[in-house]
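Notes to accompany the following structure.
Proteins get letters first, then strands, A, B, ... in listed order; numbering begins at 1 in each.
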Protein chains: 2
Amino acid sequence: MKIGELAAIVGSDVDTIRYYEKIGILPKPARTQGNYRHYSVQHVDRLKFVRHCRSLDMTLDEIRVLLQFRDAPESNCGEVNHLLDEHIGHVTARIATLMELEKELHKLRRQCRKAQKAKDCGILAAIGHGETHQGSKNVKRHIAGTH
Amino acid sequence: MKIGELAAIVGSDVDTIRYYEKIGILPKPARTQGNYRHYSVQHVDRLKFVRHCRSLDMTLDEIRVLLQFRDAPESNCGEVNHLLDEHIGHVTARIATLMELEKELHKLRRQCRKAQKAKDCGILAAIGHGETHQGSKNVKRHIAGTH
DNA sequence: TAGAACCTTGGAGCCACTCCAGAGTCAAGC
DNA sequence: GCTTGACTCTGGAGTGGCTCCAAGGTTCTA
């Protein structure tokens with residue numbers, strides 16, 4: 001099948017597929033006479049695996065590790081379990097951080113009840129002299145921001 | 001004060017300060033004879049404001065809007081309130097997504113109890129034929145991933 | 001045979017920094 | 001006065017995971 005068909009089946013984007021090939025997540029497929037990429041069922045499975053991992057918010061580096069194990073059926077999967085545990089830890093931590101943030105934001109929001117002059121706005125004032133929130137300050141996060 | 005001092009006071013990085021200047025978040029400061037940036041208390045306040053907003057996970061574009069209101073004390077702050085409400089909405093939504101993800105990951109984790117051969121690993125198997133998680137599939141997120 | 005729909009490559013852009021090289025400036029100590 | 005070391009300057013590249021684009025080539029349909 002051609003790249004567009006693969007993309008449609010997996011629910012991915014052709015650009016993403018080419019990107020995965022470029023960085024070695026997907027192997028280089030065969031080419032047709034007209035130089036089109038030609039994919040097989042194996043490619044579908046692998047891409048589905050990758051996209052599922054991505055939907056679980058794993059990085060491509062983490063996925064690379066999982067693919068190694070997938071490609072080596074006789075190897076010991078202990079590291080897979082470990083990787084997943086770590087990932088769960090990151091997600092849990094990120095949830096905690098965001099919930100603190102949410103609390104903080106609600107508190108901030110209560111500083112201004114109605115639309116008024118900016119100079120009287122409690123929100124702008126609070127941001128102005130407020131402390132930088134400890135939890136997020138200078139923290140190199142594994143789990144990214146809210147945007 | 002020089003850039004390093006400003007950075008130390010605010011708890012920021014000199015590179016970040018120069019970056020903010022470049023993209024217009026901070027105004028260009030005066031220069032000393034030796035071409036060093038020279039900052040005043042106003043710069044400290046403004047940078048603190050910006051860093052506080054960033055610690056609340058706002059984008060620089062959102063911060064740009066807030067700065068506009070900060071710079072126009074007579075303007076109506078309704079949009080500030082609105083911006084904050086929207087931001088809170090994003091955070092809340094992201095928390096919900098991550099909690100679903102966490103559940104999904106725990107479920108996946110239970111598929112493999114002990115280190116064994118990769119070909120027998122329930123996790124690898126589950127990722128392989130599992131459905132891509134709806135919630136995260138093809139969703140252009142305002143609130144970013146876990147990394 | 002024309003045109004649409006697909007495919008190719010290479011490169012730029014996104015966000016919010018972060019790091020680096022190579023050069024310049026400045027204060028302290030000898 | 002000279003050296004040393006800490007600081008600063010600029011411009012540019014790199015991060016992750018795509019996404020979009022231009023300019024051209026291929027294939028399918030009417």
Identify which nucleotide among C:dC7, C:dC20, D:dT8 has an atom closest to any side-chain atom of A:K2, counting heavy atoms from C-beta outward. C:dC7

If two hydrophobic side chains count as joined below 4.5 Å and joins carry through other members, does B:Y36 share a cluster with B:V44? no

For atom CD of A:E5 and atom P of D:dT26, their distance in whole Å: 21 Å

State whether a side-chain donor-acceptor pair under 3.5 Å links B:H43 with B:S40. yes

At less than 4.0 Å, is any side-chain N or O atom of A:R18 found next to OP1 or OP2 of C:dC7? Yes or no. no

Options C:dT18, D:dC21, D:dC18, nucleotide nearest the side-chain atoms of A:D15: D:dC21

Take atom CD of A:E21 and atom C1' of D:dG17, then tell me their distance rounded to the nearest Å. 16 Å

When rounded to whole Å, the CD1 to P distance for the pair A:I17 and D:dG17 reads 17 Å

Under 3.5 Å, is there a donor-acceptor pair linking the side chains of B:Y20 and B:R51? yes

Qualifying salt bridge (charged side-chain N to carboxylate O under 4.0 Å, His left out) pairs with a residue from residues 72-83 of chain B, counting only residues at least two apart or across chains: A:K117-B:E74, A:K119-B:E74

If I take atom OH from residue B:Y39 and atom CG from residue B:L6, how far apart are they, to the nearest 0.5 angstrom? 6.0 Å

Any B:R51 side-chain N or O less than 4.0 Å from OP1/OP2 of C:dC17: yes

So which one's nearest nucleotide on DNA chain D is more toward 5', A:G34 or A:T16? A:T16

Select one nucleotide: of D:dC20, C:dC7, C:dA16, the one nearest the side-chain heavy atoms of B:T59. C:dA16

Is the distance from OP1 or OP2 of C:dT25 to the nearest side-chain N or O of B:R37 less than 4.0 Å? no

Rounded interatomic separation in angstrom, taking CE from B:M1 and P from D:dC7: 16 Å

To the nearest Å, give me how far apart CD1 (B:I3) and C1' (C:dG24) are. 15 Å

Between A:I23 (CD1) and D:dG14 (C1'), how many Å, whole number? 15 Å

Picking from C:dT9, C:dC19, C:dC7, the nucleotide nearest the side-chain atoms of A:R31 would be C:dT9

Candidates C:dT18, C:dC17, D:dG17 - which lies nearest the side chain of B:D13: C:dT18

For a quick test of reading the model: is some side-chain N or O of B:Y36 closer than 4.0 Å to OP1 or OP2 of C:dG24? no

To the nearest Å, give me how far apart CG (B:D57) and P (C:dC15) are. 15 Å

How long is the line joining NZ of B:K22 and P of C:dA16, in whole Å? 14 Å

